[in-house]
Undergrad: 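Encoded as structure tokens, here's the structure I'll be asking about.
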Amino acid sequence: MAQPVLLVEDSRAVRSFVSSILESAGDYDVHEVENGFEALRALPRTDFALIVTDVNMPDVNGIELTRFVRGQAKFADIPVLVISTDASHPDTKRALEAGANAFLAKPFTAEQFLEAVARVRGGE
Amino acid sequence: MPEPNEDIWDQMVQAGDAFATEEDYEHGYARVVRVDLQQHVVFRVGDETYGIPIAQIGEISKPMYTTPVPRTADFVLGIGNVRGVVIPIVDLATRLRLGQCHKAREARVLIVRHGGEQTGLLVDEVIGVMSIAPENLEEAPGALAGARGDFIRALARWEGRIIIILDLGTLLAPADFLALGVRRASGRGGRS
Amino acid sequence: MSEPPKPSAEFLSEAQEVIEAFSRNLLQLDTQQRTGEFDPDLLNAAFRAIHSLKGLAGLFGATQISSLAHALESTLDSLRLGRLPLSQPALDVLFEAVEVFQNMLAVFGLEETEGAVSADPLLHRIAALSPDAEEEDGAGDIVGLDPAILGVLTEYEEHRLRENVRLGRRLYRVHAAFDLLAIDVGIESLKGKLKEFGEVITYLPSADAGSDDRIELDILLGSEATLAAIGAGVAEDGVRVYALGDSPSDAPEARPGPPVVEPSNPTPVPSVSLTADDGIEMVDASTSMSLRSISQTVRVDLERLDVLMNLVGELALVQANLSGTLESVRALARSADVSRELQTHLRTMDRKLSLLQQSILDVRMVPLGQVFDKLARVVRKLGREAGKDIRLVITGADTELDKLIVEELSDPLMHMIRNCIDHGIETEAERTSLGKGPSGHIELRAFQKGNRVVIEVEDDGRGMDWRLIRDKAVERGVVAESESREMARQEVIDLIFVPGFSTKDVATEVSGRGVGMDVVKTNIARLSGLIDVDTAPGRGSKFSITLPVTLAIIQALVIETARQTFCIPLNSVLESIMVSEADIETVEGHEVVSLRGKTLPILHLSRIFELQTNYRYLDPARIYVVIVGLAQHRVGIVVDELLGQQDVVIKPLGRALRGVPGIAGATELGGGRTVLLLDVSVLVEEALGRSDGGPTDSGPAASSVNGSEAAHA
């Protein structure tokens with residue numbers, strides 16, 4: 001059965017890039033949303049196997065989303081992979097502290113992305 | 001964008017008795033300027049010399065690509081695109097029953113304005129611009145019979161030549177542009 | 001990076017979109033900066049745009065764009081974090097970046113363009129802007145705030161929090177619950193109300209344990225208003241406001257979820273109570289509007305619209321077949337009720353199909369604002385270069401025109417604006433001595449007038465003296481002096497559009513308008529538009545461009561027959577089939593083919609238009625027949641080649657040629673090629689013999705049997 005993945009990212013092009021990597025690499029069913037609010041809306045409806053989120057988004061940012069997911073019993077076990085542009089940026093650190101399993105800095109290749117996905121899912 | 005007709009404008013300037021250059025004024029010299037002279041663009045079609053008042057000419061360009069239009073009269077070469085506007089291009093030689101325009105290197109298209117619309121006239125050669133005094137203009141003599149007579153507004157004498165001044169009203173009558181059979185057919189209504 | 005994905009159209013269009021949004025932010029910031037105060041949200045939006053661009057460009061291997069975005073991102077980060085003041089020079093650099101990005105995008109994906117656009121000068125200027133040392137945020141710890149809250153804020157949000165405290169605003173926690181399905185609507189409305197009181201710093205989500213369908217949010221708000229005022233302002237179900245320091249009644253720390261502020265030391269409250277009026281200033285109506293309009297705009301590839309249009313065409317075919325079925329049903333006994341019903345449905349379908357077609361055309365409409373934004377940048381840049389302070393007033397940016405027209409308008413408008421600034425508007429000194437205000441004004445207006453759109457470019461500069469234009473025109477030989485004497489003032493002014501007039505030296509002397517105006521006029525004419533000018537010396541000039549709203553743009557099938565190219569309006573094309581010569585039969589002197597059991601008359605353009613005397617099929621085994629017509633009236637047009645589909649602008653043929661039966665107009669196919677557009681309804685009528693006795697079909701049709709046999713033999 002296809003694994004549902006929640007992809008939170010405000011760039012349309014990045015979304016389609018990530019989706020295409022996931023969908024061509026395995027049996028994933030990617031739910032694309034473009035902001036934190038939509039992510040909140042999508043979360044309770046599907047039993048997600050993975051969340052991939054951008055950090056820098058307006059309103060509900062990726063750190064807040066991660067913290068929210070970790071704080072809810074029914075979502076707490078979903079692995080969270082954070083996409084950021086800069087490993088050294090304080091926001092990346094904060095996302096990890098909030099409970100993200102791993103981060104991946106843009107730009108990344110398809111292999112790097114799949115490796116990161118394997119890493120966070122293995123550590124489930 | 002290069003101006004292909006720059007030379008023609010220069011000719012117009014040089015030919016103009018109505019012009020006094022700034023240098024003339026600087027030297028304290030002014031020519032006697034007649035204001036009743038009419039400027040005409042003079043051109044050759046076949047072996048004859050024609051003229052059209054300069055005020056009716058928008059520009060003079062090199063022959064452009066024309067797209068033939070079916071069901072039109074033989075003198076309609078087709079349509080051409082002049083600065084974004086689609087206009088009919090007329091082979092003046094055919095129109096004047098002088099055979100066909102030869103489209104040699106000297107051939108030019110006069111873009112004339114008449115009745116608010118533009119039309120291109122393909123001519124064999126543009127000779128220049130001349131000023132004609134009213135006393136040298138001879139209203140169209142009835143002697144010139146036939147269809148061509150309708151196109152002639154006046155005759156003028158210039159440097160020993162006879163110049164036929166064309167009448168754009170009759171030359172460009174819209175009804176003449178369609179092929180003969182079509183003209184009759186479209187009379188039944190429908191599109192016109 | 002081993003294998004960056006292909007520079008997809010998606011990347012280009014999104015990058016373009018991001019840069020345009022960035023540019024809009026800058027223009028608003030520029031205006032606000034002049035008045036002193038600016039909305040921090042705008043600066044953050046600019047930062048986020050460049051941040052997105054960096055990520056995007058990185059992923060798609062646009063290294064040049066990515067590294068410039070990287071440099072710019074640091075600068076914007078410093079700006080939004082208050083480490084670098086937002087100054088005009090800083091804005092200059094940012095505006096320049098917009099241009100550089102666009103140049104880079106223009107050449108992106110082309111070969112051998114590496115280094116075609118150099119970012120080095122800009123990078124140096126960006127580096128020069130950077131703050132000397134990373135200064136710590138002035139304020140120390142925020143009194144009364146749980147460090148756990150700080151932990152989930154981004155660096156920027158933390159900065160805004162501190163900034164609000166520094167400005168003496170109070171911090172509030174607004175607790176709200178939303179139905180998940182309507183969360184965006186609910187949030188949007190609450191956000192709007194809260195923004196009137198101050199700055200929304202962030203949203204902290206928490207779940208309502210009771211339901212999957214609801215979500216609770218804590219919103220951090222910085223405001224100068226009192227608790228009571230805010231409470232009254234957001235009075236609605238499920239919204240509670242706490243001043244940080246007040247203990248929330250429902251003891252939220254007992255729940256899992258977001259950390260909340262400890263109710264310890266209250267934040268100092270300014271002794272003077274300010275009214276909410278100041279808060280309202282924070283809401284820049286234009287900001288929220290433009291942000292909204294971005295999110296409501298979807299870019300659609302014109303090719304995708306073509307796909308839709310084709311589908312509509314196919315639906316029309318289905319409908320035609322249904323009409324055929326209707327005829328068969330009618331023939332059956334006792335089917336009157338059924339066939340009447342079927343006919344009603346078919347009529348409805350017909351109407352809906354036309355509506356669908358019209359809607360697709362509507363999608364092509366884009367606001368002129370897309371061009372106006374670009375012009376606003378040009379005004380700013382050129383004005384600074386020329387040392388003139390120029391105010392640009394734009395109205396009607398939401399006026400819509402076909403995308404094709406909007407794109408083609410960019411160059412001519414740019415040219416006109418450039419003329420305004422270079423030659424029209426006087427220097428500050430000159431203006432002052434003339435008793436005019438020191439800054440020049442350019443107004444860019446767009447409005448709809450009937451089924452046309454008018455765009456006006458008006459300035460309050462020197463204007464043009466028609467007598468000077470006349471003298472120069474005579475000097476240039478554009479008109480004869482005798483003629484010029486008889487010309488009316490307006491006729492003389494219009495001479496600036498004449499090619500011979502429009503040269504630089506002349507234009508500059510006549511106070512500089514009309515440089516290249518002939519080219520502008522040509523470009524406008526290409527869009528079937530008109531341009532007029534009105535001017536008064538010393539008072540300025542006004543150029544008005546009048547354009548058709550939709551352009552007569554249609555989709556056309558481009559075909560070739562007898563070595564001539566024609567366009568057929570796609571909405572009358574039902575389908576194209578391929579037959580061999582053997583499939584063509586003759587019935588009562590008319591050539592026909594069979595299509596799905598129906599007999600279809602065919603016509604040869606080469607014959608009815610007498611294009612070629614000895615027309616032969618290019619390949620008798622592969623003859624293309626384009627089926628055209630409406631409903632049951634169908635005819636096949638034989639063509640040699642199907643060259644493809646294209647959006648074309650229909651141009652009238654003029655009075656002399658518009659009576660040609662079967663020809664509806666002309667169009668430009670690029671490369672200056674003018675092609676005729678067929679009038680299908682007339683051709684179908686002729687082919688079906690309705691115009692009996694008409695020379696155009698009786699002649700060729702009568703001889704068509706012999707003619708075709710001779711041609712094929």
Side-chain angles (χ1 to χ4, degrees), chain A residues 9-18 20-21 34-45 54-76 83-86 89-95 97-99 105-113, chain C residues 1-5 8 10-15 17-18 41 44-45 47-48 51-61 63 66 70 73 77 148 150-158 178 180-181 183-184 187 191 200 202-207 209 211-213 215 217 256-259 299:
Chain A
E9 160 70 57
D10 57 354
S11 158
R12 187 172 7 101
V14 174
R15 276 204 306 277
S16 69
F17 174 52
V18 169
S20 68
I21 295 176
E34 58 180 302
N35 60 47
F37 288 137
E38 284 183 22
L40 294 177
R41 204 152 70 170
L43 266 172
R45 292 197 211 146
D54 192 14
V55 176
N56 210 305
M57 297 182 293
D59 302 338
V60 177
N61 66 46
I63 309 170
E64 286 157 357
L65 182 67
T66 306
R67 168 63 58 112
F68 171 75
V69 166
R70 287 290 168 264
Q72 305 296 311
K74 47 186 183 291
F75 306 136
I83 305 178
S84 67
T85 35
D86 194 347
H89 198 279
D91 292 347
T92 307
K93 202 174 114 233
R94 288 178 187 185
E97 281 167 2
K106 289 184 233 177
F108 49 79
T109 62
E111 293 98 75
Q112 287 165 343
F113 179 77
Chain C
M1 281 168 295
S2 54
E3 38 167 326
S8 63
E10 212 163 346
F11 163 66
L12 289 177
S13 89
E14 185 166 347
E17 205 171 305
V18 168
D41 276 1
N44 191 40
F47 167 82
R48 288 187 358 88
H51 175 81
S52 301
L53 184 64
K54 175 179 137 186
L56 195 63
L59 275 182
F60 287 86
T63 20
S66 170
H70 181 75
E73 186 190 18
D77 202 24
L150 290 179
V152 293
L153 299 184
T154 60
E155 201 186 8
Y156 171 69
E157 287 164 350
E158 184 183 332
F178 293 99
L180 265 183
L181 285 174
I183 186 168
D184 26 17
I187 292 273
K191 197 170 165 182
V200 173
T202 194
Y203 300 81
L204 303 162
S206 64
S211 163
D212 273 0
D213 301 331
I215 186 145
L217 282 174
R299 280 192 189 221

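Small disclaimer: the values here were computed from a predicted structure and weren't measured. Throughout, a chain's letter reflects where its sequence line sits, starting with A, and its residues are numbered from 1.
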Undergrad: Can you tell me which portion of A:Glu97 sits under 4.5 Å from chain C's heavy atoms? Options are side chain, backbone, both or neither.
TA: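 It is neither, since no heavy atom gets under 4.5 Å.
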Undergrad: So which part of C:Asn44 gets closer than 4.5 Å to some heavy atom of chain A, the side chain, the backbone, both or neither?
TA: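 It is neither, since no heavy atom gets under 4.5 Å.
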Undergrad: Please state whether the side chain, the backbone, both or neither of A:Asp10 comes within less than 4.5 Å of a heavy atom of chain C.
TA: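 Backbone plus side chain of A:Asp10, per the 4.5 Å heavy-atom cut-off to chain C.
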Undergrad: Any chance you could measure A:Glu64, atom CD, to C:Thr202, atom OG1, to the nearest 0.5 Å?
TA: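 The CD atom of A:Glu64 sits 3.0 Å away from the OG1 atom of C:Thr202.
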Undergrad: Nearest 0.5 angstrom please: A:Phe68 CZ to C:Leu217 CG, how far?
TA: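 The distance works out to 8.5 Å.
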Undergrad: Could you state the interatomic distance from NZ (C:Lys54) to OG (A:Ser11), rounded to the nearest 0.5 Å?
TA: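 The NZ atom of C:Lys54 sits 14.0 Å away from the OG atom of A:Ser11.
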Undergrad: Can you name the closest pair of heavy atoms from C:His51 and A:Asn56 and give their distance?
TA: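 Looking at all heavy atoms of both residues, the closest pair is NE2-CB, 3.5 Å.
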Undergrad: Do C:Leu153 and A:Ile63 touch side chain to side chain, with heavy atoms closer than 4.5 Å?
TA: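 The answer is no, as the side chains (C-beta and beyond) never meet within the 4.5 Å cut-off.
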Undergrad: Taking the inter-plane angle between the rings of C:Phe60 and A:Phe17 on a 0 to 90° scale, is it parallel (under 30°), tilted (30 to 60°) or perpendicular (over 60°)?
TA: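 Tilted: the ring planes of C:Phe60 and A:Phe17 meet at 30° to 60°.
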Undergrad: Could you tell me which non-hydrogen atom of C:Glu157 sits nearest to which non-hydrogen atom of A:Asn61, and how far apart they are?
TA: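 Residues C:Glu157 and A:Asn61, closest heavy atoms: OE1-ND2, 2.8 Å.
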Undergrad: When you measure from the side chain of A:Arg12 to the backbone of C:Glu14, do you find a donor-acceptor pair of N or O atoms at a distance under 3.5 Å?
TA: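 No: the side chain of A:Arg12 does not pair with the backbone of C:Glu14.
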Undergrad: Using 0.5 Å steps for rounding, measure from the OG atom of A:Ser16 to the CZ atom of C:Phe11.
TA: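 Going from OG on A:Ser16 over to CZ on C:Phe11, the span is 12.0 Å.
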Undergrad: Rounded at 0.5 Å granularity, tell me how far OH in C:Tyr156 sits from CG in A:Asp91.
TA: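 Here the rounded value is 12.5 Å.
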Undergrad: If I measure from the heavy atoms of chain A, does C:Ser52 come under 4.5 Å with its side chain, its backbone, both, or neither?
TA: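 Answer is side chain: those atoms of C:Ser52 sit under 4.5 Å from chain A.
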